[in-house]
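Every heavy atom of this structure was used, including side-chain atoms; hydrogens, water molecules and symmetry mates were not. So you know, we letter chains A, B, ... as the sequences are listed, proteins then strands, and number each from 1.
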Number of protein chains: 2
Amino acid sequence: MESFNKATTKENTSRTEQLIEMYLKRLKQCGFRMTNQRRIIIEILLKNLGRHLNVKELLNIAQKEDPTIGIATIYRTVDLLTGLGLLNMINLEEGFSRFEVPDEQMHFHFYCKSCGKVVHLPDEEDKTKTVMQWAQKEGFKLLPQTFELAGICPECINEGVVEEDFCHIKRPICEKRCKKHRRRWRHEN
Amino acid sequence: MESFNKATTKENTSRTEQLIEMYLKRLKQCGFRMTNQRRIIIEILLKNLGRHLNVKELLNIAQKEDPTIGIATIYRTVDLLTGLGLLNMINLEEGFSRFEVPDEQMHFHFYCKSCGKVVHLPDEEDKTKTVMQWAQKEGFKLLPQTFELAGICPECINEGVVEEDFCHIKRPICEKRCKKHRRRWRHEN
DNA sequence: TTAACTGCAAAGAGTTTGCAATATC
DNA sequence: GATATTGCAAACTCTTTGCAGTTAA
């Protein structure tokens with residue numbers, strides 16, 4: 001319970017509570033039942049707005065509140081919320097999905113391949129307009145989604161990480177190194 | 001052999017051959033061995049520039065030339081080529097990866113969630129510049145990559161497909177429908 | 001009360017890997 | 001001849017599903 005309050009400062013608490021209420025109400029409106037498991041998962045998601053949690057992280061946190069909760073419920077709940085447009089699925093080519101509460105229409109994430117951090121780019125409304133224009137010009141209709149830009153963050157650049165570290169392998173020996181790197185971001189347990 | 005020549009018009013053949021040579025040479029330069037399997041896979045990739053093949057498709061086509069080729073070899077080869085920067089991995093949230101030969105630095109794909117088609121947006125150089133500026137402004141260094149914009153294509157819009165068809169589910173009964181939809185793009189066999 | 005929901009365990013799908021056999025340099 | 005590479009099968013990871021028991025409305 002402590003652990004997922006970190007991202008919530010005092011002044012944000014009431015806003016968070018409002019959002020939670022809104023989410024629960026929306027579920028009910030749509031004809032779904034309000035179960036304890038769903039409440040727990042929604043609370044975790046809304047109290048960790050800055051983070052991009054994956055299923056195992058959600059499970060670990062949720063089990064602190066209800067140790068009997070199963071991973072299938074996590075999958076079914078994020079599926080449900082995603083289907084209702086209350087959650088965005090994010091893919092960083094890690095071999096699994098992450099999830100984020102959408103607070104505007106679209107998001108632009110920068111994902112550091114070196115340290116794994118994910119940050120939001122600013123001016124997401126402008127960027128959204130730009131991307132929508134790209135699509136409209138060809139007659140396409142964009143669906144709400146997030147965009148992931150992969151690269152190296154300023155901190156890692158400072159530490160001397162360079163593009164070549166990311167698998168522009170030159171010798172057989174490097175093949176193993178690169179594979180190991182690819183797996184670095186896998187779930188831990 | 002016939003099947004993967006479709007995308008190659010006559011005037012492109014010599015260019016394709018050149019590219020194949022270039023790829024094989026690059027492998028050798030980097031200290032990797034030139035095996036028959038690798039040659040077959042590289043030829044398939046370069047003779048299907050317009051398509052975005054996945055591992056099973058690669059395997060099926062490759063086995064027409066050498067029925068003994070295994071799926072592990074496909075995985076190891078696309079890993080190798082991706083690591084060398086000779087191939088781009090593409091993720092369309094289908095549950096598996098697709099691959100594309102990079103002909104410039106970055107790509108902008110539009111992926112129709114209704115019919116599954118993938119097309120390239122025009123003016124990729126301009127769009128690349130735009131996206132690089134977004135990153136540079138925050139001090140990030142972008143790595144070469146592709147961007148996937150998901151939506152509905154003009155043809156499907158004409159056929160009456162609308163945004164709501166994509167899982168803004170309203171009732172419990174819809175949950176199953178949406179799940180079925182999500183699985184629609186899985187591998188066939 | 002009844003239908004939606006859950007947990008469990010098993011199944012599925014994609015991907016990786018250990019190893020003996022093979023092919024390349 | 002040394003060793004990088006392959007095919008196979010098994011293992012692994014993430015995700016979905018069938019079902020019996022539980023719970024919300």
query: Is A:Y75 reaching over with its side chain to a backbone N or O of A:V55, donor-acceptor style, under 3.5 angstrom?
result: no

Side-chain contact check for B:K56: nearest option of D:dT16, C:dG14, D:dT15 is C:dG14

Per-nt protein contacts along nucleotides 19-25 of chain D (heavy atom under 4.0 Å; B base, S backbone sugar-phosphate only, - none) come out as ----BBS

Walking DNA chain C from its 5' end, the first of A:T77 and B:A72 to be reached, judged by nearest nucleotide, is A:T77

Separation of D:dC8 atom P from B:L59 atom CG, nearest Å, is 10 Å

Can you see if the side chain of B:Q37 gets near the phosphate of C:dA23 - specifically, an N or O under 4.0 Å from OP1 or OP2? no

Original post:
Within the structure, does a side-chain N or O atom of A:S97 lie under 4.0 Å from either OP1 or OP2 of D:dT15?
Top reply: yes

From CZ of B:R39 across to P of C:dT24 the rounded distance in Å is 11 Å

d(A:L149 CG, B:M106 CE) to nearest 0.5 Å is 9.0 Å

Relative to the ring of A:H120, is the ring of A:H52 parallel (under 30°), tilted (30 to 60°) or perpendicular (over 60°)? parallel

Polar side-chain atom of A:E65 near backbone of A:A62 as donor-acceptor pair, under 3.5 Å:
no

In whole angstroms, the gap separating C1' of D:dT17 from CG of A:D79 amounts to 12 Å

Separation of D:dC14 atom P from A:N60 atom CG, nearest Å, is 12 Å

Between A:W134 and B:T130, is any pair of side-chain heavy atoms under 4.5 Å apart?
-> yes

### Message
Could you check whether any side-chain heavy atom of A:M89 comes within less than 4.5 Å of a side-chain heavy atom of A:N91, counting everything from C-beta outward?
### Response
no

query = Under 4.0 Å between a side-chain N or O of A:Y75 and OP1 or OP2 of D:dT16?
reply = no

Ranking D:dT16, C:dG7, D:dG7 by distance to the side chain of B:T68, first place goes to D:dG7

A:E94 atom CD is separated from C:dT16 atom P, nearest whole Å, by 14 Å

Rounded to whole Å, CG of B:L81 lies from C1' of D:dT5 at a distance of 14 Å

Closest of D:dG7, D:dC14, C:dG7 to the A:D66 side chain is C:dG7

B:I42 CD1 to D:dT5 P, in whole Å, measures 12 Å

Here the gap from B:D123 atom CG to B:K129 atom NZ, rounded to the nearest 0.5 Å, amounts to 10.5 Å

To the nearest angstrom, the CG-C1' distance between B:L80 and D:dT5 comes to 11 Å

